[in-house]
Amino acid sequence: MIQTEQSTTSSLLECAKKSVLFTANRPPIVMERGEGMYMWDTDGNRYLDFVGGWAVASLGHSPSALQKALTSQAATLVHASPGYYNRPMIEFAELLTSVSGMDKAFFASSGAEANESAIKLARKHGTVNLNGAYEIITLTNSFHGRSLATMSATGKTVWKDLFSPKVDGFKHVPINDLDACFAAVTNQTCAIMIELVQGEGGVHSVDESYLYGIRKICDMYGIMLIFDEIQTGLGRTGKLFACEHYGIQPDVMTLGKGIGAGFPLSAMLAKSKFDLFEPGDQGGTYTGAPLAMAVGYAVLTELLERNLAANAKTQGNYLISKLKELTSELSISHIRGKGLLLAFDTPAGTATELAAICQREGLLINSLNSSTIRLVPPLIVSQQDIDTMLGILRKAFKQLSTC
Ligand SMILES: Cc1ncc(COP(=O)(O)O)c(C=O)c1O
């Protein structure tokens with residue numbers, strides 16, 4: 001059946017069941033429109049969005065900066081081929097490297113691709129500079145993507161045997177355990193790759209002294225230090241990049257999610273001394289494509305001009321303080337995170353039901369597991385949005401059957 005604008009939600013859902021490959025349990029609603037902090041479904045229901053497309057909608061839904069960049073670039077040059085430079089590619093690389101303190105940029109479309117690129121660059125470093133070292137140390141509970149190599153890098157225990165055999169050469173060590181990391185280093189280690197706040201893994205931050213120790217290990221042995229800032233980057237944690245909280249720079253940084261504000265875009269940034277790829281080593285049909293580059297430039301400019309990292313800090317602190325006031329009323333605990341990458345624990349087994357009730361009440365929140373809620377709203381969120389969100393959350397807690 002061909003769907004029309006008049007198709008009912010139930011007929012759309014029937015069609016989805018028939019023709020969309022099953023990969024996720026989705027609620028029986030169909031999203032149709034977005035503006036600012038809100039999305040609307042095909043029945044006209046409005047949702048206050050504290051999921052932000054999984055920490056993607058940095059500027060809110062359908063932001064005008066993105067619309068303008070898309071229409072203007074689409075009328076100029078959509079695609080040039082990765083075999084040529086194009087103007088927005090150069091301008092975006094220049095802006096991104098200047099604000100990040102990194103030197104060189106490679107562009108892709110998803111976080112997994114940016115991390116694949118970093119993994120390949122780490123192995124190239126091993127080949128060129130470390131006598132063929134190829135092992136990469138990552139953290140238990142980390143998340144780096146869904147391609148085979150990035151799934152192998154990921155430290156989720158439930159993924160351990162998924163799609164075996166895994167890509168060889170990844171070792172996982174517990175977060176904030178410097179001795180364990182040190183013990184895992186051998187003459188085969190070419191890189192250490194970490195998220196500074198584990199987003200999918202439950203919103204756990206690395207400690208300052210730990211990160212300092214990791215940087216020292218890397219410097220001592222010539223190991224490449226990679227920060228996966230795909231979720232933490234571009235203002236999410238209250239600084240433009242999470243590494244600014246620690247005053248420690250990586251050799252390679254990966255970015256995704258908020259960098260395109262909803263348009264598929266990611267980047268791998270590297271220091272000059274790791275500009276090691278030769279022609280043929282890395283690329284991709286859509287790398288540095290003009291349309292994506294124009295979006296990235298417009299999104300980053302808007303983030304900087306509106307100082308949305310500072311808003312993330314202010315509103316994040318406000319949200320944390322309000323949640324703390326509600327700990328005993330709602331039986332929530334372990335309120336944690338930085339800026340607008342926040343989480344709290346709910347009574348055992350209640351998080352999924354809580355998120356479902358909130359959705360019925362017009363609020364989108366994300367249950368990371370059966371007892372953890374993650375909050376990653378657009379960086380434009382206001383105090384008033386937070387008050388509205390807390391009102392719905394309190395109402396939802398009262399409806400929990402398991403409490
Ligand atoms: C830290 C981190 N790295 C990598 C990824 C993968 O990004 P993508 O889903 O765009 O491939 C994610 C996605 O959640 C992430 O949070």
Show the numbers, then the answer: is there a side chain to side chain donor-acceptor pair (under 3.5 Å) between Tyr38 and Asp385?
CA-CA 10 Å; Tyr38 287 90; Asp385 297 322; 4.7 Å; no

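- The shortest distance between side-chain heavy atoms of Ile248 and Cys243 does not fall below 4.5 Å.
- Checked for salt-bridge contact, Asp345 and Arg336 meet the test: a charged N lies under 4.0 Å from a carboxylate O.
- Within a 6.0 Å radius of NE2 in His334, other residues, nucleotides and ligands contribute 12 heavy atoms or fewer.
- Salt-bridge formation is detected for the pair Glu302/Arg306: a Lys NZ or Arg NE/NH1/NH2 atom is positioned less than 4.0 Å from an Asp or Glu carboxylate oxygen.
- The salt bridge (Lys or Arg N to Asp or Glu O under 4.0 Å) check on Arg215 picks up Asp219, Asp251, with sequence neighbours excluded.
- Separating the OG1 atom in Thr138 from the CD1 atom in Ile194 is a distance of 10.0 Å, to the nearest 0.5 Å.
- Taking 4.5 Å as the limit, some side-chain heavy atom of Pro378 sits within range of a side-chain heavy atom of Met37.
- Donor-acceptor pairing under 3.5 Å is recorded for the side chains of Ser117 and Gln282.
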Query raised in the report: Leu393 and Cys358: side chain to side chain contact (heavy atoms under 4.5 Å, CB included), yes or no, with the steps?
Result: CA-CA 7 Å; Leu393 192 66; Cys358 283; 4.0 Å; yes

Note to self: One pair to check against salt bridge (Lys or Arg N to Asp or Glu O under 4.0 Å): Asp275 and Lys104. What are the steps and the verdict?
What the structure shows: CA-CA 7 Å; Asp275 190 357; Lys104 303 280 176 129; 2.8 Å; yes

Let me see the working for Met39 and Arg46 under side chain to side chain contact (heavy atoms under 4.5 Å, CB included), right down to the final yes or no.
CA-CA 6 Å; Met39 276 201 285; Arg46 189 175 83 147; over 6 Å; no

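- Gln399 and Glu353 share no donor-acceptor pair across their side chains, judged by distance under 3.5 Å alone.
- Annotation: the span from Ile373 atom CD1 to Thr352 atom OG1 amounts to 7.5 Å, rounded to 0.5 Å.
- A donor and an acceptor atom, one from each side chain of Glu116 and Ser147, are located under 3.5 Å apart.
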Query - Steps toward side chain to side chain contact (heavy atoms under 4.5 Å, CB included) verdict (Leu341, Arg374) - result: CA-CA 7 Å; Leu341 174 48; Arg374 179 180 54 167; 4.2 Å; yes

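- At most 12 heavy atoms of other shown residues, nucleotides or ligands fall within 6.0 angstrom of atom OH in Tyr286.
- At a threshold of 4.5 Å between non-hydrogen side-chain atoms, the residues Gln315 and Leu340 count as touching.
- Partners of Phe227 according to the ring-ring contact (aromatic ring centres under 6.0 Å, His included) rule, which considers only residues two or more places apart in sequence or in another chain, do not exist here.
- Side-chain contact of Ser110 with Glu113: a donor-acceptor pair under 3.5 Å is present, judged by distance alone.
- Looking at Glu200 and Lys156, no side-chain N of the basic residue comes within less than 4.0 Å of a carboxylate O on the acidic one, giving no salt bridge.
- Residues Phe170 and Glu135 fail the side-chain proximity criterion, which asks for heavy atoms closer than 4.5 Å.
- Contact check for Leu300 versus Val99: side-chain heavy atoms found under the 4.5 Å cut-off.
- Residues Leu304 and Leu240 form a side-chain contact, since some pair of their non-hydrogen atoms from C-beta on lies under 4.5 Å apart.
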Trace of the side chain to side chain contact (heavy atoms under 4.5 Å, CB included) decision for Leu379 with Leu234
CA-CA 10 Å; Leu379 308 184; Leu234 283 308; 5.9 Å; no

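- Side-chain contact check for Glu91 versus Met293: every heavy-atom pair is 4.5 Å or farther apart.
- Taking a cutoff of 4.0 Å between a charged side-chain nitrogen and a carboxylate oxygen, Lys322 and Glu325 qualify as a salt bridge.
- Ionic pairing of Glu229 and Arg236 is not present here: no N-O contact between side-chain nitrogen and carboxylate oxygen is shorter than 4.0 angstrom.
- For the atom pair Ile335 CD1 and Leu375 CG, the distance stands at 10.0 Å (nearest 0.5 Å).
- The structure places CD1 of Ile332 at 4.5 Å from CG of Leu323, a figure rounded to the nearest 0.5 Å.
- The pair Lys124-Asp281 meets the salt-bridge criterion, since a charged nitrogen lies less than 4.0 angstrom from a carboxylate oxygen.
- Distance OG1/Thr97 to NZ/Lys271: 10.5 Å, rounded to 0.5 Å.
- In this structure, CD1 in Ile175 is found 4.0 Å from CD in Gln198, a value given to the nearest 0.5 Å.
- Residues meeting the ring-ring contact (aromatic ring centres under 6.0 Å, His included) test with Phe274, sequence neighbours left out: His125.
- Classification of the Tyr297-Phe92 ring pair by plane angle, with boundaries at 30° and 60°, yields perpendicular.
- Side-chain contact check for Leu342 versus Lys338: every heavy-atom pair is 4.5 Å or farther apart.
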